[in-house]
Protein chains: 2
Amino acid sequence: MSETWQEELRSRGYRVTPQRQLVLEAVSVLEHGTPEEICTEVQRTAHGVNISTVYRTLELLEDLGLVKHTHLGHGPPTYHLATHADHVHLVCRGCGKVTDVSPRVADGLITVLRAEYGFETDVHHLTVYGECCENSPSVG
Amino acid sequence: MSETWQEELRSRGYRVTPQRQLVLEAVSVLEHGTPEEICTEVQRTAHGVNISTVYRTLELLEDLGLVKHTHLGHGPPTYHLATHADHVHLVCRGCGKVTDVSPRVADGLITVLRAEYGFETDVHHLTVYGECCENSPSVG
DNA sequence: ATGATTGCAAACAATTTGCACGGGA
DNA sequence: TCCCGTGCAAATTGTTTGCAATCAT
C-alpha cells in the first residue's frame with residue numbers, strides 16, 4: 001500500500017480526472033450504491049457526471065481493485081469500496097434492508113466448501129437472503 | 001401434497017392453460033433457466049409462448065410456490081422447480097460453472113445468523129461465488 | 001501536442017404494461 | 001356467457017457504444 005490510487009492510475013497509463021475522484025468519493029459516502037445512486041450523489045456535490053461515465057469509471061475502478069460490486073436483488077448491482085468490502089450482506093426480503101455483518105459468520109461454510117468441494121469462496125461477494133427480525137411488528 | 005398444482009390454481013381462481021403447463025415443464029427440463037431460455041425451450045416443443053407471458057407465468061408460479069429464482073450473476077435470474085430447490089448454488093468465477101450442493105453446507109451459517117442477528121436465512125436462494133477446483137489445470 | 005476521457009445521443013437488452021381478442025370454467 | 005389470460009406492440013429501465021470536443025500529462 002505504498003502507492004496512492006492516483007499514482008496507480010498514472011502508472012497504468014490512465015489519467016486522474018475529477019470525474020474519477022468524484023465517483024470514488026460517492027462510492028465511499030454511499031457505502032452501498034447503484035450506478036444511478038452514485039450518479040445522483042455526485043450531482044449533489046459537483047456539477048454532475050454523466051451516467052455513462054459513471055459506468056465506465058466503476059468498471060475501471062473495479063478493474064483496479066478499488067471498488068467491488070454485489071447483486072443485492074432484482075435491480076442493478078451495488079458498489080462499495082474494496083477496503084470496506086470485508087463483510088457479508090444480509091438482505092431482508094420483507095423490508096429490503098441491507099445489513100453488513102462480519103465475514104466470520106461464513107467461516108463454517110467456507111471450510112465445508114473447501115473440504116468437500118475444493119471450492120474457494122469469495123466471501124466479499126456473498127449475499128444472504130432471508131428475513132430480518134425487525135421485520136416483525138414487535139420491533140419499532 | 002394432496003392437491004395437484006392444477007387444482008391449486010383453480011382453487012385460487014386462476015385458470016389452467018397450456019402456456020402455464022408448458023412453462024412449468026420447461027422450467028423442469030432446464031433445471032436452471034432464464035426467462036429467455038425458458039421461452040426458447042417452450043418453442044422447441046409447442047407453437048410458442050410469448051416472452052411476456054413467460055414473465056407473467058413465472059411470477060405466478062413463483063407466487064404459488066411452484067418455482068423459485070436465484071441470481072447467478074450479472075444477467076437475468078434463473079428459475080428452477082421449488083421441488084428441485086433444496087440446494088445451494090456454487091458459481092465459479094473462473095469457468096462460470098454452476099454446481100448444486102446440499103443446503104447442509106449452510107447449516108452453520110444459518111445457526112449463527114439466527115442466533116446473532118435474528119435473521120432467518122432463505123437457504124434456497126443462497127448463491128456462493130468463488131472458484132471451483134476444476135478451474136485449475138490439474139483437473140481435466 | 002497527443003491521445004485518453006467525457007458528454008451526448010442513439011443503440012441495446014431485459015422487463016413491464018395497455019389493450020383487444022380468444023379460450024377456459 | 002363471463003372475464004381471465006394471451007399476444008402484440010409500445011413504454012420503461014438498466015447498460016453499452018460511437019463520435020466529436022475537451023482536458024490531463
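No experiment lies behind these values; they were computed from the predicted model shown. Every heavy atom of this structure was used, including side-chain atoms; hydrogens, water molecules and symmetry mates were not. Here is how names work: the chains are called A, B, and so on, in the same order as the sequence lines, proteins then strands, and each is numbered from 1.
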request  = Please state whether the phosphate of dG14(D), meaning OP1 or OP2, lies under 4.0 angstrom from any side-chain nitrogen or oxygen of T34(A).
outcome  = no

query = Between atom CG in L60(A) and atom P in dT15(D), what is the gap in whole Å?
reply = 18 Å

request  = Look at the side chain of S52(A) and decide which nucleotide, out of dG7(C), dG5(D), dA25(C), has an atom nearest to it.
outcome  = dG7(C)

request  = Would you please say whether a donor-acceptor pair under 3.5 Å links the side chains of H87(B) and H80(B)?
outcome  = no

ask   = From dG5(D), dG7(C), dT5(C), pick the nucleotide closest to the side chain of R15(A)?
value = dT5(C)

key: Neighbour count >12 (heavy atoms, 6.0 Å) for atom CD, Q6(B)   = yes

task = Whole angstrom is fine here: how far is it from CD in E59(A) over to C1' in dT5(C)?
result = 14 Å

Ion pair R10(A)/E7(A), N-O distance below 4.0 Å = no

remark   = Rounded to whole Å, the CZ-P distance (R56(A) to dT15(D)) equals 15 Å

message = Just the rounded figure in Å: distance from C1' of dA24(D) to CZ of R12(A).
response = 19 Å

Whole-Å distance separating the CG atom of L64(A) from the C1' atom of dA4(C) = 14 Å

ask   = Tell me: OH of Y79(B) to P of dA14(C), nearest whole Å?
value = 14 Å

message = If the threshold is 4.0 Å, N to carboxylate O, is there a salt bridge linking R114(A) and E120(A)?
response = yes

ask   = Is any side-chain N or O of Y55(B) closer than 4.0 Å to OP1 or OP2 of dT15(C)?
value = yes

query = Which of these nucleotides, dG7(C), dT6(D), dT15(C), is closest to any side-chain atom of T53(A)?
reply = dG7(C)

task = Select one nucleotide: of dG7(D), dT16(C), dC8(C), the one nearest the side-chain heavy atoms of N50(A).
result = dC8(C)

ask   = Rounded to whole angstroms, how far apart are CD on E36(A) and P on dT13(D)?
value = 10 Å

ask   = Of the nucleotides dG7(D), dA25(C), dT6(C), which one has an atom closest to the side chain of V49(B)?
value = dG7(D)

query = In terms of the nearest nucleotide of DNA chain C, which residue is placed more toward the 5' end: H74(A) or L9(A)?
reply = L9(A)

Exceeds 12 heavy-atom contacts within 6.0 angstrom, atom CD of Q43(B) = yes

ask   = How many Å lie between CD on Q19(A) and P on dA21(D), as a whole number?
value = 18 Å

